[in-house]
Colleague: 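Mind having a look at this structure? Questions to follow.
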Amino acid sequence: MSSERVAAIVGVAESDLGETPGKTVLQLQAQAATAALFDAGFEKGDVDALFTAGNWAWAPNLMLAEYLQIQPKYTDGTNIGGSSFEAHLGHAVAGIRAGLFDVALITYGSTQRSDRLRNKIPPYVTLTEQYERSFGLPMPVGAYALAAMRHMYQYGTTSEQLAEIAVATRKWAMMNEKAMMRQPIEIEDVLSSRLIAEPLHLLDCCLVTDGGGAVVVASPTAAKRARKTPVWVLGHGEIHTHNTISNMPDLTVTGARESGKRAFEMAGVRHSEIDVVEIYDSFTITVLLTLEALGFCQPGEGGAFVSRQRTAPGGDFPMNTNGGGLSYCHPGMYGIFLLIEATRQLRGECGERQVKNARLALVNGTGGVLSSTATAILGRD
C-alpha cells in the first residue's frame with residue numbers, strides 16, 4: 001500500500017433496520033450518526049463537515065444539521081443515487097486534503113418501507129424519462145432487466161449464474177444477525193421465485209427496507225485520537241454516464257470501468273491484493289456487470305466468475321459479506337452500508353463472517369439505473 005494517507009474512516013454505524021414504524025428519516029440518521037461518533041470516540045462538536053443525500057426534504061443538509069444541532073463549515077448534498085456516499089467519501093478526502101475541515105460526518109436515512117414509497121410514480125417526468133416509465137417500463141427493475149437481457153444475448157449468461165450471486169449473498173446474511181432475510185436458499189429457489197421483470201426473478205432483486213447509516217471521516221491529525229484503528233482511504237474514483245437507461249452508452253458496461261481504474265491507480269494496488277469486496281447489489285445483474293467493469297474478470301466472463309459459489313463464505317472471492325442489499329437491508333440508497341461493512345471487515349469486527357487477515361477492501365456503489373458509480377479502496381495499517 002503506497003498511497004498517501006490523507007483521510008481515514010474512524011467511525012461507522014447503522015440505525016434500526018428493516019421496518020421502523022414511528023421513526024422519521026431524521027431520527028434514523030441521528031441514531032446512526034450518534035452511534036458512529038461514539039464508535040469513533042468523537043463528539044458532535046468535532047464535526048465540521050456534513051454530507052448527506054436523499055429526496056426526503058427540500059434541503060436535507062440544512063434540516064439534518066439543525067436537527068443534530070451542528071453548524072458545519074462545509075456541506076455537500078451530492079445526490080447521484082445509491083453511489084452518493086462513496087462519492088461523498090471521495091469529496092471528504094479532497095476537502096481534508098485541501099485543509100477545509102478535519103472531521104466529516106456522512107449520513108443517510110430512509111423510511112421507504114414503512115411509508116410504502118418505493119413504487120409511487122413521481123408527479124412529473126422530464127427529458128428522456130417521458131419515453132420510459134410513461135410507456136410501461138417498471139422502474140428501476142425494468143432498466144436492470146434490459147441490461148440483464150442484453151448481457152444474456154451478447155455473452156450467453158444464464159439465470160442460474162445470476163442466481164449464484166443471490167445464493168452466495170444469502171449465505172453471508174445467515175451469519176449476520178442484523179440481516180432481514182436469513183433463511184437459506186438454493187439456486188432453484190431463485191429460479192422458481194416469480195418473475196418481476198424478465199429475466200429477473202424476485203430473489204434477483206434487492207429488499208425494500210427502512211434504515212440509516214453513518215460514517216465518520218477524519219484527517220490524520222484527528223484520526224490519532226480515534227477510539228479504534230483508522231481505515232485509510234487509499235484510492236477513489238467516480239463518474240456518471242447517463243440518467244435514463246435508454247441513454248446508457250452500453251448496457252453491458254458500467255461506469256465502474258472508469259471509477260475503478262482511477263481508484264486502483266490512486267491506491268497503487270493490484271486486483272489480486274484485494275481481500276474483500278463490497279459491491280452494490282440492487283439486483284444480481286448489477287453485481288455481475290460491476291465485477292466485469294472493475295476488471296476482476298473480462299467482459300462476458302462474469303457468469304463463470306461467480307459460479308460454484310465463489311463469492312460465498314469459504315470461497316476465494318469474499319463479496320458482500322454482510323448479506324448485501326439482496327438479504328441484509330436496502331433502504332433505497334444502499335451505498336453507505338457498503339462502507340460500513342468494509343470498515344468493519346478491515347477492523348476485524350465481523351465475528352463469524354470475518355474474512356481472515358483482511359487488509360484491503362474495495363467498495364463500489366452504483367446509483368440510478370446503472371447511471372453513476374463511485375469506487376473506493378480502503379486499507380488498514
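Owing to the predicted nature of the structure, the values given are computational and were not obtained by experimental measurement. Position 1 is the first residue of the sequence, and the numbers go up from there.
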Colleague: Rounded to the nearest 0.5 Å, what's the gap from CZ on Arg170 to CG on Leu203? Could you check?
Modeller: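 It is 6.5 Å, given to the nearest 0.5 Å.
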Colleague: Pairs of donor and acceptor atoms involving the side chains of residues 220-227, under 3.5 Å and at least two apart or interchain, shall be tabulated with distances.
Modeller:
unit_1, atom_1, unit_2, atom_2, d
Arg227, NE, Phe38, O, 2.8
Arg227, NH2, Phe38, O, 2.8

Colleague: Assigning hydrophobic clusters by single linkage (Ile, Leu, Val, Met, Phe, Trp, Tyr; side-chain heavy-atom cutoff under 4.5 Å), is Val6 placed with Val217?
Modeller: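 The answer is yes; both residues are in one hydrophobic cluster.
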Colleague: Test side chain to side chain donor-acceptor pair (under 3.5 Å) on Ser83 and Glu238 and set out the steps.
Modeller: CA-CA 9 Å; Ser83 64; Glu238 68 180 82; over 6 Å; no
Colleague: Just by distance, with hydrogens left out, do Asp210 and Thr111 show a side-chain donor and acceptor under 3.5 Å apart?
Modeller: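 Note: Asp210 and Thr111 side chains miss the donor-acceptor criterion.
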Colleague: Kindly determine whether Met174 and Gln183 satisfy side chain to side chain contact (heavy atoms under 4.5 Å, CB included), including the steps that lead there.
Modeller: CA-CA 7 Å; Met174 291 168 63; Gln183 305 90 335; over 6 Å; no
Colleague: Counting only heavy atoms from other residues, nucleotides and ligands, does the tally under 6.0 Å from CD of Glu19 exceed 12?
Modeller: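 Buried by this count: over 12 neighbours within 6.0 Å.
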Colleague: Under the rule for salt bridge (Lys or Arg N to Asp or Glu O under 4.0 Å), what residues qualify as partners of Arg97, not counting sequence neighbours?
Modeller: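 For Arg97 the salt bridge (Lys or Arg N to Asp or Glu O under 4.0 Å) partners, ignoring immediate neighbours, are Glu4.
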Colleague: With rounding to the nearest 0.5 angstrom, report the CG to OG1 distance, Leu346 to Thr343.
Modeller: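 Going from CG on Leu346 over to OG1 on Thr343, the span is 6.5 Å.
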Colleague: Taking the side chain as everything from C-beta on, heavy atoms only, tell me whether Lys178 gets closer than 4.5 Å to Tyr328.
Modeller: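 Yes, close enough: below the 4.5 Å cut-off.
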Colleague: Rounded at 0.5 Å granularity, tell me how far CD in Glu186 sits from OG in Ser192.
Modeller: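 Separation between the atoms: 11.0 Å.
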Colleague: Restricting to non-hydrogen atoms, name the atom on Ser15 and the atom on Ala32 that form the minimum distance, rounded to 0.1 Å.
Modeller: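 Between these two residues, the closest heavy atoms are N-CB, 3.8 Å.
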Colleague: Checking Thr286 against Thr366 for the side chain to side chain contact (heavy atoms under 4.5 Å, CB included) test, could you report, in this order, the C-alpha distance in whole Å, the side-chain angles of both residues, the deciding distance, and whether it holds?
Modeller: CA-CA 8 Å; Thr286 315; Thr366 299; 4.0 Å; yes
Colleague: Between Asn364 and Glu86, is there a side-chain heavy-atom distance shorter than 4.5 Å?
Modeller: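 When only atoms from C-beta onward are counted, Asn364 and Glu86 do not touch, as no gap falls below 4.5 Å.
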Colleague: Could you tell me whether the side chain of Tyr144 and the main chain of Leu370 form a donor-acceptor pair under 3.5 Å?
Modeller: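 Between the backbone of Leu370 and the side chain of Tyr144 there is a qualifying donor-acceptor contact (under 3.5 Å).
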Colleague: Can you tell me if Thr373 and Ser259 form a side-chain donor-acceptor pair at under 3.5 Å?
Modeller: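 Short answer, yes.
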Colleague: Under a 3.5 Å distance rule, please check whether Asp281 uses its side chain to pair with a backbone N or O of Val287 as donor and acceptor.
Modeller: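 Flag not set: sc Asp281 to bb Val287 has no pair under 3.5 Å.
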Colleague: Indicate yes or no for a side-chain donor-acceptor contact from Ser371 to the backbone of Val369 under 3.5 Å, with no hydrogens or angles considered.
Modeller: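 Flag set: sc Ser371 to bb Val369 pair under 3.5 Å.
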Colleague: Are there over 12 heavy-atom neighbours, none belonging to His242, within less than 6.0 Å of that residue's NE2?
Modeller: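 Enclosed: over 12 neighbouring heavy atoms sit under 6.0 Å from NE2 of His242.
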Colleague: Treating Ile, Leu, Val, Met, Phe, Trp and Tyr as nodes and any side-chain heavy-atom pair under 4.5 angstrom as an edge, say whether Leu28 and Leu338 lie in one connected cluster.
Modeller: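 Cluster IDs for Leu28 and Leu338 differ.
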Colleague: Of the options Leu326, Thr169, Leu207, Thr209, which is the one that meets Met181 in a side-chain contact (heavy atoms from CB on, under 4.5 Å)?
Modeller: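 The side-chain contact (heavy atoms from CB on, under 4.5 Å) with Met181 is passed solely by Leu207 among Leu326, Thr169, Leu207, Thr209.
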Colleague: Quick check: do Ser282 and His330 have side-chain heavy atoms less than 4.5 Å from each other?
Modeller: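 Yes; the side chains approach each other to less than 4.5 Å.
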Colleague: Among side-chain atoms of Gln31 and Asp16, is any donor-acceptor pair under 3.5 angstrom?
Modeller: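 There is such a pair (donor and acceptor under 3.5 Å, judged by atom type) between the side chains of Gln31 and Asp16.
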Colleague: May I ask you to say whether Arg359 pairs ionically with Asp381, meaning some side-chain N is under 4.0 Å from a carboxylate O?
Modeller: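 A salt bridge is absent here (no side-chain N lies under 4.0 Å from a carboxylate O).
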Colleague: Any carboxylate oxygen within less than 4.0 angstrom of a Lys/Arg side-chain nitrogen, looking at Arg353 and Glu177?
Modeller: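 A salt bridge is absent here (no side-chain N lies under 4.0 Å from a carboxylate O).
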Colleague: Could you tell me whether the side chain of Asp48 reaches within less than 4.5 Å of the side chain of Pro72, counting heavy atoms only?
Modeller: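 They are not in side-chain contact.
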Colleague: Pair Glu278, Leu362 - check side chain to side chain contact (heavy atoms under 4.5 Å, CB included), show working.
Modeller: CA-CA 6 Å; Glu278 308 294 342; Leu362 180 143; over 6 Å; no
Colleague: How far apart are the C-alpha atoms of His151 and Leu251, what are their side-chain angles, what is the distance that settles it, and do they pass the side chain to side chain contact (heavy atoms under 4.5 Å, CB included) test?
Modeller: CA-CA 8 Å; His151 202 275; Leu251 286 172; over 6 Å; no
Colleague: Could you tell me if the ring centre of Phe317 sits under 6.0 Å from that of Phe305?
Modeller: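 Yes, close enough.
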Colleague: Centroid separation under 6.0 Å, is that true for the rings of His91 and Phe51?
Modeller: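 Ring centroids of Phe51 and His91 are no less than 6.0 Å from each other.
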Colleague: Test ring pair (Phe, Tyr, Trp, His ring centres under 6.0 Å) on His88 and Tyr108 and set out the steps.
Modeller: CA-CA 11 Å; His88 290 166; Tyr108 175 66; 9.8 Å; no
Colleague: I need the Glu265 CD to Ile377 CD1 distance, nearest 0.5 Å.
Modeller: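 Separation between the atoms: 10.0 Å.
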Colleague: Salt bridge or not between Arg344 and Glu14? Use side-chain N to carboxylate O under 4.0 Å.
Modeller: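 Looking at Glu14 together with Arg344, the answer is yes, because their closest N to O distance falls below 4.0 Å.
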Colleague: Identify the heavy atoms of Gly324 and Tyr334 that sit nearest to each other, and give their distance.
Modeller: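 Heavy atoms of Gly324 and Tyr334 come nearest at CA-OH, 3.2 Å.
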Colleague: Indicate yes or no for a side-chain donor-acceptor contact from Asp46 to the backbone of Glu43 under 3.5 Å, with no hydrogens or angles considered.
Modeller: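 Pair found, side chain donor or acceptor close to backbone of Glu43.
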Colleague: Can a salt bridge be assigned to the pair Lys228 and Glu349 using a cut-off of 4.0 Å between side-chain N and carboxylate O?
Modeller: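 Glu349 and Lys228: salt-bridged.
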Colleague: Do you know the tightest heavy-atom contact between Ala143 and Ile245?
Modeller: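 For Ala143 versus Ile245, the nearest heavy atoms are CB-CB, 3.6 Å.
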Colleague: To the nearest 0.5 angstrom, please state how far the CG atom of Leu378 sits from the CG atom of Leu339.
Modeller: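 CG of Leu339 is found 6.5 Å from CG of Leu378.
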Colleague: Any heavy-atom pair between the side chains of Arg257 and Leu294 that's under 4.5 Å?
Modeller: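 They are not in side-chain contact.
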Colleague: Which heavy atom of Met152 sits nearest a heavy atom of Leu162, and at what distance?
Modeller: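 Heavy atoms of Met152 and Leu162 come nearest at CE-CD1, 3.9 Å.
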Colleague: Under 4.5 Å between any side-chain heavy atoms of Val215 and Ile340, yes or no?
Modeller: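 Yes, their side chains come closer than 4.5 Å.
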Colleague: Counting only heavy atoms from other residues, nucleotides and ligands, does the tally under 6.0 Å from CD of Glu66 exceed 12?
Modeller: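 Counting neighbours around CD of Glu66, 12 or fewer heavy atoms of other residues, nucleotides or ligands fall under 6.0 Å, so no.
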Colleague: Output yes when a side-chain donor or acceptor of Glu160 lies under 3.5 Å from a complementary backbone atom of Ile187, and no otherwise.
Modeller: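 Side chain of Glu160 to backbone of Ile187: no pair is present.
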Colleague: Between Asp39 and Arg347, which heavy-atom pair has the shortest distance, and what is it?
Modeller: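 The pair with the smallest heavy-atom distance is OD2-NH2, 2.7 Å.
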Colleague: May I ask you to test the Ile274-Phe264 pair for a side-chain heavy-atom distance under 4.5 Å?
Modeller: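 Sidechains of Phe264 and Ile274: in contact.
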Colleague: Determine, using the 4.5 Å side-chain heavy-atom cutoff (strictly less than), whether Met333 and Ile80 are members of one ILVMFWY cluster.
Modeller: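 Different clusters: Met333 never reaches Ile80 through Ile, Leu, Val, Met, Phe, Trp or Tyr contacts under 4.5 Å.
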Colleague: Decide whether Tyr280 and Val276 are clustered together by the hydrophobic rule: side chain heavy atoms of Ile, Leu, Val, Met, Phe, Trp, Tyr closer than 4.5 Å, transitively.
Modeller: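 No.
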Colleague: According to a hydrophobic-cluster definition based on side-chain heavy atoms being under 4.5 Å apart (Ile, Leu, Val, Met, Phe, Trp, Tyr only), do Ile239 and Met248 belong together?
Modeller: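 No, because Ile239 and Met248 fall into different hydrophobic clusters, even though each may have its own neighbours under 4.5 Å.
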Colleague: Taking side chain as C-beta onward, heavy atoms only, is Leu137 less than 4.5 Å from Leu146?
Modeller: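 Yes, their side chains come closer than 4.5 Å.
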Colleague: About how many Å separate CG of Leu105 and CG of Leu68, when rounded to the nearest 0.5 Å?
Modeller: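 Here the rounded value is 7.0 Å.
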Colleague: Indicate, with yes or no, if the rings of Phe283 and His201 have centres closer together than 6.0 Å.
Modeller: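 Phe283 vs His201: aromatic centres not under 6.0 Å.
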Colleague: For Ala374 and Ala87, which heavy atoms make the closest approach, and how far apart are they?
Modeller: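 So the two residues come closest at CB-N, 3.6 Å.
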Colleague: Using only atom types and a distance under 3.5 Å, with no angle test, would you say the side chain of Gln161 pairs donor to acceptor with the backbone of Thr158?
Modeller: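 Here the side-chain-to-backbone pair exists.
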Colleague: Hydrogens and angles aside, do Asp102 and Ser219 bring a side-chain donor and acceptor to less than 3.5 Å of each other?
Modeller: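 Checked: Asp102/Ser219 side chains pair up, N/O donor to acceptor below 3.5 Å.
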Colleague: Is it true that the side chains of Gln345 and Thr321 contain a donor and an acceptor less than 3.5 Å apart?
Modeller: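 Judged by distance alone, the side chains do pair up.
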